[in-house]
Amino acid sequence: MITFDAVSLIYPNSTKTVLENLSLTIDEGEFVLVIGPTGSGKSSLLRLINGLVPHHTGGILAGNISVDGISTQLVKPGGLAHLIGIVGQNPVNGFVTDTVEEELAFGMESLNIAPDVMRKRVEEILDLMSLAPLRDRSLATLSGGEQQRVAIGSALVMHPKVLVLDEPTSALDPIAAEEVLSILHRLVHDLGLTVIVAEHRLERVIQFADRIVHIDGLGNARVGTPAQIMSDSDIAPPIVHLARALGLEDVGLTVRDMRRMSEQIRGGSYSHSIEKLVISNETVIEISDLSLSFESQSVLNDINIKICAGEVIALMGRNGAGKSSLLKTIVGLHKATSGTVSVLGNNPLTISGSKRRETIGFIPQEPSDLLYGQSVIMECQQADVDNEIEEGTTFELLSELVPGISPQTHPRDLSEGQRLALALSVVLSAKPKVLILDEPTRGLDYQAKSHLISTLLHYARVLGRTVILATHDVELVAELATRVIFLADGDCVADGKTLDVLLSSPAFAPQVAKVMSPQPWLTVKDVINALQVNQ
Amino acid sequence: MKTSALVRFRPRTLFVLSLTSAVSACGFMWPFLINAKSVSVASIFFWAASAFAIALVIVEISNDSLDAKSIALLGVLTAAVAALRPLGAGAVGIEPMWFLLILSARVFGSSFGFILGLTSILTSALLTGGIGPWLGYQLFAAGWIGLFAGWLPKKIRGKPEIFMLVLYAIAASLIFGLLMDLQFWPWALGLETQLSYIPNGDIATNLNRFIVFHFATSMAWDIPRAILTSTLIILSAPAILGALRRTKFRAAFVTPIEFVDSKNAAIERAKELKAL
């Protein structure tokens with residue numbers, strides 16, 4: 001279906017090859033996963049398939065790419081629209097119309113398809129994507145998973161033979177991601193559609209892939225079955241790291257496979273030495289009887305939490321459970337309907353200016369909401385001036401977090417991970433006593449995530465500050481948090497040590513815990529430590 | 001081969017544009033050019049010019065010089081400008097839209113500026129229900145503001161650039177007011193006042209009456225408009241110009257597309273291009 005024949009790519013105004021001599025054949029009905037660190041050329045590879053690169057961006061292309069026998073050199077992207085559907089990371093950016101039905105019909109309207117055919121196809125897609133109950137809904141009122149389904153549906157109405165998705169689940173919570181991936185899986189198996197997906201979170205998608213293209217960031221690419229690639233790839237989900245650490249011969253790609261392979265190990269009996277964390281008794285945040293409601297709709301009910309210095313708190317729960325509302329109330333963006341919040345004895349609603357910056361640092365879901373400067377260096381200088389610290393301190397902090405960012409880059413041209421690091425260094429330059437992050441790992445690759453984890457661990461353990469984060473990412477929680485608070489419908493339903501809360505519910509357990517259950521291990525490190533102690 | 005260019009009028013289009021502009025200028029100036037028997041006869045001139053202008057835009061959009069990227073830019077900026085216009089409720093000339101039109105035309109050029117002027121006035125008229133005999137005049141006036149803003153010297157950057165744009169904004173606001181008064185004056189006052197247009201009258205008398213009328217009324221409209229537009233430019237120009245220029249760069253207009261046989265040939269070619 002798709003052939004890449006010795007393809008190399010160079011973007012305009014540069015001499016760096018993004019891809020080097022990539023040869024690859026993708027057959028009809030294959031599910032191909034593209035992995036690689038941020039900036040390695042995953043998106044370029046996907047956009048080469050429908051000719052957006054180089055027809056839209058410019059550039060020098062060596063070699064040939066053909067899709068269904070058509071060479072992309074000769075045909076512009078518009079001429080391939082009936083053949084290739086493309087879906088981006090954030091579905092909202094691609095929407096043109098207001099309602100689900102109109103959005104589905106829009107692409108066909110552009111391809112000049114007869115009205116009766118359009119009606120039929122819209123119905124067909126509504127059923128295929130289980131969107132029928134939502135047909136008249138406004139796109140803005142849909143959940144993230146529903147929006148992504150509409151975006152996929154509006155690509156599928158053109159009856160493409162190939163569907164290309166660039167990080168389709170990185171903006172979604174685990175349940176919505178599951179929804180989208182299982183639909184893709186069905187499309188491949190029921191319709192013989194060829195699907196190419198770029199994704200960071202391998203634990204979500206790897207079990208669906210037939211083959212993996214691994215790009216290493218220097219332009220080289222490897223193609224192989226998931227088992228081949230995972231045997232030595234640096235980018236791998238936690239269970240693969242587990243298999244390697246245990247020295248197993250094969251890598252298991254699903255929890256089921258890994259459980260079968262590790263039966264002996266987890267069957268043994270181990271004495272558990274629990275790492276004692278020293279947490280001071282100094283109360284930093286005290287929330288008592290907190291309730292919050294917007295226009296008679298209750299968002300938080302009677303929350304009582306006490307948080308000490310040095311703790312890392314993970315706030316978990318479904319979308320709409322009240323995680324962000326609780327964070328914003330602690331920051332002082334929402335006024336509590338009843339009850340009190342105090343941060344170091346202050347009411348967060350009343351503190352302002354430099355005292356606020358030194359007390360609470362907040363990084364919202366979209367870190368670029370904090371960034372106004374025209375360049376990275378302007379943003380850093382502003383932070384230096386605001387916090388009355390020596391010039392260059394913020395940029396130094398940023399270079400420690402992620403080396404190699406050019407100071408003249410516009411903040412919006414940075415990758416997700418770099419942008420988060422910039423926002424984080426601006427906030428951390430004020431040395432806040434409490435650091436609050438809302439969904440910090442959306443769109444981050446494994447490398448950026450491990451940078452984030454070590455930064456936050458340093459901040460909490462070494463400097464003794466408090467970190468609170470709202471997240472869906474159980475793997476992050478397992479690595480980082482000392483305590484988990486679980487919210488459901490505005491109530492606090494669980495509050496306890498990370499180990500206890502995560503192990504008590506199988507759905508929220510990290511992959512390693514699922515494999516090693518009933519042993520109380522959350523991360524690969526836990527497993528290795530336990531095995532070493534008991535040798 | 002290169003990626004598509006930002007919309008740019010070809011010589012032929014420019015010729016048609018100057019022709020329609022001349023006709024529409026007559027539409028503005030008619031009280032001094034002809035001895036019309038009645039007020040309504042004159043507006044015929046002007047409708048002819050409007051029809052031309054709209055035809056011009058359609059021709060320009062349907063030929064291939066306006067590609068997907070230009071249309072996307074035009075659509076987004078039209079929506080932004082049109083949405084800004086009703087914010088000031090139009091009272092005493094406070095229409096916070098001109099600054100964005102001027103800044104966009106500055107970055108994307110005169111042809112784009114002209115089309116943006118037309119489309120944004122048309123869209124905002126539909127939004128506010130402001131459709132009437134004055135619409136055609138406004139279309140042209142806005143188009144010209146965009147067109148001339150695109151002709152300002154390109155090389156000036158930094159503070160002098162903002163100073164130049166502020167001067168332009170003041171001039172544009174005042175001239176826009178003058179033009180609107182021109183189309184408004186003949187029929188707005190009735191025929192009885194001392195400043196009214198005299199059909200069949202002496203041109204010098206009419207001109208005199210118009211100038212008095214303009215300065216008597218313009219204080220309340222044109223000066224607030226000029227102050228608002230130039231203040232908005234001073235406040236927002238560094239950020240907006242930066243954002244628009246970044247958009248223009250990212251959209252990669254007129255960037256080379258080349259196909260070569262091997263990786264080494266690609267690297268060679270990239271070096272050659274970079275050397276240029």
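Letters A, B, ... mirror the listed sequences (proteins, then strands); counts begin at 1.
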**Student:** Does NZ in B:Lys154 sit with more than 12 non-hydrogen atoms of other residues, nucleotides or ligands closer than 6.0 Å?
**Tutor:**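 Yes.
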**Student:** Can you measure from CZ (B:Phe259) to CD1 (A:Ile65) and round to the nearest 0.5 angstrom?
**Tutor:**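 Reported to 0.5 Å precision, the distance equals 8.5 Å.
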**Student:** Is there a donor-acceptor pair closer than 3.5 Å between any side-chain N or O of B:Lys263 and the backbone N or O of A:Leu19?
**Tutor:**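 Not confirmed, B:Lys263 side chain does not pair with A:Leu19 backbone.
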**Student:** Using non-hydrogen atoms and a 4.5 Å limit, figure out which bit of A:Asp413 sits close to chain B: side chain, backbone, both or neither.
**Tutor:**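 Answer is both: backbone and side chain atoms of A:Asp413 are under 4.5 Å from chain B.
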**Student:** Heavy atoms only, distances under 4.5 angstrom: which of A:Lys16, A:Glu20, A:His56 has the most pairs with chain B? Name it, please.
**Tutor:**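 Among the listed options, the one with the most contacts to chain B is A:His56.
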**Student:** Name the region of A:Gln73, side chain, backbone, both or neither, that has any atom closer than 4.5 Å to a heavy atom of chain B.
**Tutor:**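 Both the backbone and the side chain of A:Gln73 come within 4.5 Å of chain B.
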**Student:** Working to the nearest 0.5 Å, report the span between CZ of B:Arg246 and CZ of A:Arg412.
**Tutor:**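 Output value for this atom pair is 7.5 Å.
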**Student:** Taking atom NZ of B:Lys274 and atom CG of A:Asn13, what is their separation to the nearest 0.5 Å?
**Tutor:**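 Between atom NZ of B:Lys274 and atom CG of A:Asn13 there are 7.0 Å.
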**Student:** Please name the pair of heavy atoms, one in A:Ser14 and one in B:Ala270, separated by the smallest distance, quoted to 0.1 Å.
**Tutor:**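 In terms of heavy atoms, the two residues are closest at O-CB, 3.6 Å.
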**Student:** Do other residues, nucleotides or ligands put more than 12 heavy atoms under 6.0 Å from A:Gln365 CD?
**Tutor:**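 Enclosed.
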**Student:** Would you say that A:His55 contacts B:Ile257 through its side chain, given a criterion of any heavy-atom pair below 4.5 Å between the two side chains?
**Tutor:**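 A:His55 vs B:Ile257: side chains touch.
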**Student:** Flag the one option from B:Thr255, B:Val260, B:Val254 with the top tally of heavy-atom pairs under 4.5 Å to chain A.
**Tutor:**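 The candidate making the most pairs under 4.5 Å is B:Val260.
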**Student:** Tell me whether the count of non-hydrogen atoms from other residues, nucleotides or ligands lying under 6.0 Å of CD in A:Glu391 goes above 12.
**Tutor:**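 It does not: A:Glu391 CD has 12 such atoms or fewer within range.
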**Student:** Does any heavy atom of chain A fall under 4.5 Å from the side chain of B:Ile267, the backbone, both, or neither of them?
**Tutor:**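 Both backbone and side chain of B:Ile267 come within 4.5 Å of chain A.
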**Student:** Answer with side chain, backbone, both or neither: which region of A:His410 has an atom nearer than 4.5 Å to a non-hydrogen atom of chain B?
**Tutor:**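 Contact with chain B involves the side chain of A:His410 alone.
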**Student:** Using non-hydrogen atoms and a 4.5 Å limit, figure out which bit of B:Lys271 sits close to chain A: side chain, backbone, both or neither.
**Tutor:**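 Both parts, backbone and side chain.
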**Student:** Based on non-hydrogen pairs under 4.5 Å, which of A:Ala62, A:Gly58, A:Ser8 is most in contact with chain B?
**Tutor:**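 Heavy-atom pair counts peak at A:Ala62.
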**Student:** What part of A:Ile10 gets within 4.5 angstrom of chain B, counting heavy atoms only: side chain, backbone, both, or neither?
**Tutor:**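 When you check distances to chain B, only side chain atoms of A:Ile10 fall under 4.5 Å.
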**Student:** Does some side-chain heavy atom of A:Ile60 sit less than 4.5 Å from a side-chain heavy atom of B:Leu273?
**Tutor:**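 Yes, close enough: below the 4.5 Å cut-off.
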**Student:** For A:Thr15, is it the side chain, the backbone, both, or neither that has a heavy atom closer than 4.5 Å to a heavy atom of chain B?
**Tutor:**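 Both backbone and side chain.
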**Student:** Measuring heavy-atom distances to chain A, does B:Ala265 have an atom under 4.5 Å in its side chain, in its backbone, in both, or in neither?
**Tutor:**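 Answer is neither: B:Ala265 stays 4.5 Å or more from chain A.
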**Student:** Go through the atoms of B:Ala239 and report whether side chain, backbone, both or neither lie under 4.5 Å from a heavy atom of chain A.
**Tutor:**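 Contact with chain A: backbone and side chain both.
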